[in-house]
Amino acid sequence: MRVAVIGGGPGGLYAAVLLKRLDPTREITVWERNAPDDTFGFGVVLSDETLGGIEHADPEVYRALQAEFVRWDDIDIVHRGRTLTSGGHGFAALGRRRLLAVLHQRCRDLGIALRFRTEAPPAAELARSYDLVIAADGVHSATRTAHADAFRPRLTTHRCRYIWLAADFALDAFRFEIAETEHGVVQLHAYPFAGPSPGHHPETPPSGAESSLGASTVIVEMREEVWRAAGLDRCDERESADWCAKVFTDALRGRSLRSNNSSWIAFRTVVNDRWSHGNTVLLGDAAHTAHFSIGSGTKLAVEDALALAACLQEQPDTAGALAAYEEERRPVVASTQRAARASLAWFEELATYLDQPPHQFAFNLLTRSRRVTHDNLRLRDAGFVGAVEAEAGTPPATPPMFTPFRLGGLTLRNRVVVSPMDMYSADGDGTPGDFHLVHLGARALGGAGLVMTEMVCVSPEGRITPGCTGLYAPEHETAWRRVTDFVHTSAPGTAIGVQLGHSGRKGSTRLMWEGIDQPLPDGNWPVVAPSPLPYRPGVNQVPHVLDVAGLAAVRDQFVRSAESAARAGFDLLELHCAHGYLLSGFLSPLTNQRTDAYGGDLTGRLRFPLEVFDAVRAVWPAGRPMTVRISATDWADGGTTADDAVAIARAFAAHGADAIDVSTGQVVTDERPDYGRSYQTPFADRIRNTLGVPVIAVGAISSWDDVNSLVLAGRADLCALARPHLYDPHWTLHAAAEQGYAGPGAPWPLPYQAGSRTPPTGRTDAPKPRLTLR
């Protein structure tokens with residue numbers, strides 16, 4: 001096999017080493033347009049998991065790297081003159097030049113041809129004479145660009161500028177520091193990558209790269225507008241380094257910073273629909289990027305090389321190997337990219353967190369990517385987490401999720417909400433029955449602080465399906481009263497809320513399991529919307545456009561249902577303005593194309609939802625809270641943005657909403673959601689910390705550890721979970737038992753108290769041998 005590698009970075013070099021090690025008969029050539037010692041950036045961070053893979057695959061490379069690594073455990077967070085330290089994190093770093101030198105030598109030892117200062121021929125040309133072409137040519141990959149029709153790349157440029165610099169001494173820990181300058185917020189990310197020389201004197205002046213005092217990577221980052229306001233867009237490399245050294249003089253102990261062909265960069269996230277094209281395959285930054293704040297670029301590239309080499313060894317042909325490589329790596333990379341996007345978004349919005357209490361701010365920073373959580377941070381540094389909880393006023397031995405929260409005139413005993421879930425199980429006229437009593441009653445007994453109904457429709461034509469519940473007839477009110485009475489009597493302390501909504505253009509469809517969003521085979525009723533746009537063109541009916549009289553009629557339907565809900569005994573009312581239903585349809589520019597007062601800019605699009613909110617708020621009892629669910633993004637070009645969501649939340653809060661329930665999407669069919677664990681919570685986080693209004697976070701929150709993390713970090717006040725409560729109606733009580741909590745935030749119903757401890761299983765604690773005979 002003849003192998004061509006385009007790009008002599010760590011990923012390309014390591015792929016070459018592994019392929020040659022596995023089969024010495026392979027002819028491998030690496031093209032690198034720069035000189036051997038040219039590099040950008042300074043230090044490289046690798047995880048223990050990645051190092052384990054290197055050790056197993058090539059012990060010689062591992063031993064050479066191990067001799068170079070600097071290791072540390074602490075993270076220092078410096079904000080407004082105060083330094084907080086969290087330990088137990090475990091990092092390993094070395095200089096990028098040293099990493100490349102080790103890999104260069106290993107390539108030479110194995111007989112791999114290294115062509116420095118040489119542009120590689122185009123991938124298409126190489127593919128004709130080589131059996132495999134590995135494109136490891138970085139974030140600006142010429143290969144990816146040349147074959148964009150095959151790889152289908154998507155590049156997203158983000159809102160901060162950053163520069164790679166170095167300090168000629170070794171920091172004691174990984175350091176995050178925040179500076180509030182006259183131009184705006186500037187942040188520093190710094191870590192040691194070369195340790196002090198043995199016997200060095202602390203006062204010895206630095207003498208260049210990797211001096212006797214060691215060396216540290218220093219990355220300075222800020223929003224684009226701050227960068228321009230500071231005049232850094234007009235500074236050269238030396239001037240930029242001097243400016244950064246002055247801002248962070250305390251962290252640098254008065255020393256200067258050096259650069260290495262580094263300019264101010266706007267980070268780009270690279271995603272490709274495919275990673276291979278014929279016998280050409282992308283690797284590392286050419287295939288994917290992840291923000292440096294989670295230290296993953298080199299790590300991902302090295303792991304790509306390990307996986308590619310393994311797949312080529314295991315599969316019978318190159319095509320099968322490349323398919324297997326992508327299948328193996330894509331989920332891992334997608335997970336890392338989600339974490340990286342959460343981290344970079346946190347730093348983009350850093351200014352919104354500056355007024356948090358110091359320990360909460362530090363905890364928020366450490367858990368920003370959602371990979372570090374309350375529970376595993378407590379395992380790393382229990383003292384640090386204890387200080388965060390004490391600052392927040394969390395009672396001793398109480399997980400954050402079991403602290404009470406006051407919403408308007410209602411006090412919830414914990415932070416768990418059973419999210420609204422359509423059950424499609426009402427009888428034909430919208431009346432809830434025994435199913436709803438058992439479904440909602442079971443979850444109320446299960447310990448959640450608040451149990452929400454499904455979307456309850458305000459009119460027959462406002463239903464999604466014939467199986468949807470309503471609150472537009474006397475029998476509906478009676479049936480719902482049966483449910484609320486059960487909750488208040490049998491699960492005292494649990495609140496129950498009703499979500500009122502109108503299906504709009506998404507109505508008159510089959511039950512979910514009979515064909516979601518598909519029209520009824522017969523008996524369809526007409527649907528209404530702000531504009532004559534069917535949900536699925538050619539599938540769903542064209543909606544009737546609501547005129548002024550129609551708007552007034554719908555508003556009055558919401559009012560009558562709210563009055564009925566109050567009489568039925570609900571503790572909270574939520575107005576459904578999300579997921580493409582009628583009120584959501586007014587908010588999104590993709591579904592509202594009106595030219596009257598109820599369309600146009602966001603003020604016009606908000607007009608009708610706010611009129612409905614005001615009318616409902618006027619009849620809803622003053623002591624009972626009212627919330628609004630919104631779709632914070634449409635996940636589609638031209639739709640509602642995160643900035644729009646803040647403005648929408650601000651408007652509802654100004655009109656008296658007690659909390660904003662922040663969901664996303666389901667507005668248009670061509671959406672591209674960024675699915676993943678807790679994937680919607682950043683939108684709730686931004687609204688809460690920008691506006692200071694309470695929020696309910698939703699979206700793939702699946703563990704009690706997630707809830708604890710979100711609440712303690714101040715990203716959400718309440719967490720709504722749907723599918724976990726379908727899997728386990730007693731999810732909240734079981735979360736308490738698993739954490740050893742038995743306080744007022746999660747009392748077991750008296751008939752269930754005998755089951756409040758985890759049932760015993762088979763013994764695993766047999767006596768261990770006490771004597772060893774030799």
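Side-chain atoms are counted along with the backbone in the values below, which use heavy atoms only and exclude waters and symmetry mates.
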Worked check of side chain to side chain contact (heavy atoms under 4.5 Å, CB included) between D422 and I464:
CA-CA 9 Å; D422 289 322; I464 310 166; 3.6 Å; yes
Criterion side chain to side chain contact (heavy atoms under 4.5 Å, CB included) on V616 and R555, from CA distance to verdict
CA-CA 8 Å; V616 170; R555 182 196 63 215; over 6 Å; no
Where at least one partner belongs to residues 582-604, residue pairs that pass ring pair (Phe, Tyr, Trp, His ring centres under 6.0 Å), sequence neighbours excluded
F586-F608
Could you label the plane-to-plane angle of the H730 and H734 rings as parallel, tilted or perpendicular, counting under 30° as parallel and over 60° as perpendicular?
tilted
When you compare the side chain of V662 with that of R688, does any pair of heavy atoms fall below 4.5 Å?
no
Measuring from N592:CG to R605:CZ, what's the distance to the nearest 0.5 Å?
7.0 Å
Spacing of R536 atom CZ and K506 atom NZ [to the nearest 0.5 Å]:
9.0 Å
Write down the atom of N414, the atom of L718, and the distance for their closest heavy-atom approach.
O-CD2, 4.0 Å
Heavy-atom count around D637 CG within 6.0 Å, excluding the residue itself: above 12?
no
If we ignore hydrogens and angles and just use 3.5 Å, is the side chain of Q499 paired with the main-chain N or O of H576 as donor and acceptor?
no
List the steps, then state whether side chain to side chain contact (heavy atoms under 4.5 Å, CB included) holds for Q541 with V527.
CA-CA 8 Å; Q541 59 183 289; V527 298; 3.5 Å; yes
Might you work through the side chain to side chain donor-acceptor pair (under 3.5 Å) test for S508 and N524, ending with a clear yes or no?
CA-CA 6 Å; S508 190; N524 285 280; 2.9 Å; yes
Rounded to the nearest 0.5 Å, what separates atom CH2 in W480 from atom NE2 in H436?
5.5 Å
Separation between CG of D661 and CD1 of I696, rounded to the nearest 0.5 Å
4.5 Å
Using distance alone, with no hydrogens and no angle criterion, decide if R413 and T494 have a side-chain donor and acceptor under 3.5 Å apart.
yes
Would you call T640 and P589 a side-chain contact if the rule is heavy atoms closer than 4.5 Å?
yes
Looking at C468, is its backbone amide N or carbonyl O close enough to the side chain of E454 to form a donor-acceptor pair, meaning the two atoms are under 3.5 Å apart?
no
Using ring pair (Phe, Tyr, Trp, His ring centres under 6.0 Å) as the criterion, list what pairs up with Y741, not counting sequence neighbours.
F402
Just verifying a value: how many Å separate H725 NE2 and R443 CZ, rounded to the nearest 0.5 Å?
8.0 Å
Derivation of the side chain to side chain donor-acceptor pair (under 3.5 Å) call for R560 and S459
CA-CA 10 Å; R560 286 193 293 271; S459 64; over 6 Å; no
Test your reading of the model: is there a side-chain donor-acceptor pair from R686 to the backbone of V646, 3.5 Å cut-off?
no
Is the backbone N or O of A636 less than 3.5 Å from a side-chain atom of D634, with the two atoms forming a donor-acceptor pair by type?
no
Below 30° counts as parallel, above 60° as perpendicular, anything between as tilted: where do the rings of Y353 and W346 land?
parallel
For S709, does its backbone N or O pair with a side-chain atom of T373 as donor and acceptor, under 3.5 Å?
no
Point-to-point distance, once rounded to the nearest 0.5 Å, from CG of D658 to CG of D717
12.0 Å
Does the side chain of D674 come within less than 4.5 Å of R338's, by heavy atoms?
yes
Any Y675 side-chain heavy atom under 4.5 Å of W635 side chain:
no
Indicate yes or no: at least one non-hydrogen side-chain atom of R415 is less than 4.5 angstrom from one of L710.
no
Strictly distance-based, threshold 3.5 Å: is any side-chain N or O of S678 a donor or acceptor partner for the main-chain N or O of I701?
no
Testing the basics here: between C577 and F652, what is the closest heavy-atom pair and its distance to 0.1 Å?
SG-CZ, 4.0 Å
Identify the two heavy atoms, one from W513 and one from S425, that lie closest to each other, and give their separation to 0.1 Å.
CH2-OG, 4.4 Å
Can you name the nearest heavy-atom pair linking A697 to A716, along with the distance?
CB-CB, 3.6 Å
Check the pair E738 / W704 against side chain to side chain donor-acceptor pair (under 3.5 Å), numbers first and verdict last.
CA-CA 9 Å; E738 289 167 12; W704 48 258; 2.7 Å; yes
How about H476 and S564: do any of their side-chain heavy atoms sit closer than 4.5 Å?
no
Step through the shown structure and confirm whether more than 12 heavy atoms of other residues, nucleotides or ligands are within 6.0 Å of CZ on R672.
no
Side chain to side chain donor-acceptor pair (under 3.5 Å) assessment of N364 paired with Q356
CA-CA 9 Å; N364 195 354; Q356 285 189 324; 3.1 Å; yes
Go through the steps for E514 and T465 under the test side chain to side chain contact (heavy atoms under 4.5 Å, CB included), then give the verdict.
CA-CA 11 Å; E514 293 176 352; T465 76; over 6 Å; no
Please check this pair: side chain of S584 against backbone of L582, looking for a donor-acceptor N/O pair closer than 3.5 Å.
no
Just checking, is any N or O donor in the side chain of T641 or D643 under 3.5 Å from an acceptor N or O on the other one?
no
If you apply the rule salt bridge (charged side-chain N to carboxylate O under 4.0 Å, His left out), what do you find for R715 with D706, and how did you get there?
CA-CA 11 Å; R715 297 190 193 110; D706 288 338; over 6 Å; no
With a 3.5 Å distance limit and no angle check, can you tell me whether R463 reaches the backbone of P460 through a side-chain donor-acceptor pair?
yes
I need the minimum non-hydrogen distance between G441 and F486, along with the two atoms involved.
CA-CE2, 3.6 Å
Side chains of E611 and L551: closer than 4.5 Å at any heavy-atom pair?
no
For the pair S631 (side chain) and H579 (backbone), establish whether a donor and an acceptor sit closer than 3.5 Å, ignoring hydrogens and angles.
yes
So does M401 get a backbone contact from the side chain of N708, meaning a donor-acceptor N/O pair under 3.5 Å?
yes
Where S490 and L445 come nearest, the two heavy atoms and their spacing
O-CD2, 3.3 Å
So for atom OH, which belongs to Y752, do other residues, nucleotides or ligands contribute more than 12 heavy atoms lying within a distance under 6.0 Å?
no
Is there side-chain contact between T453 and L440, with at least one heavy-atom pair below 4.5 Å?
yes
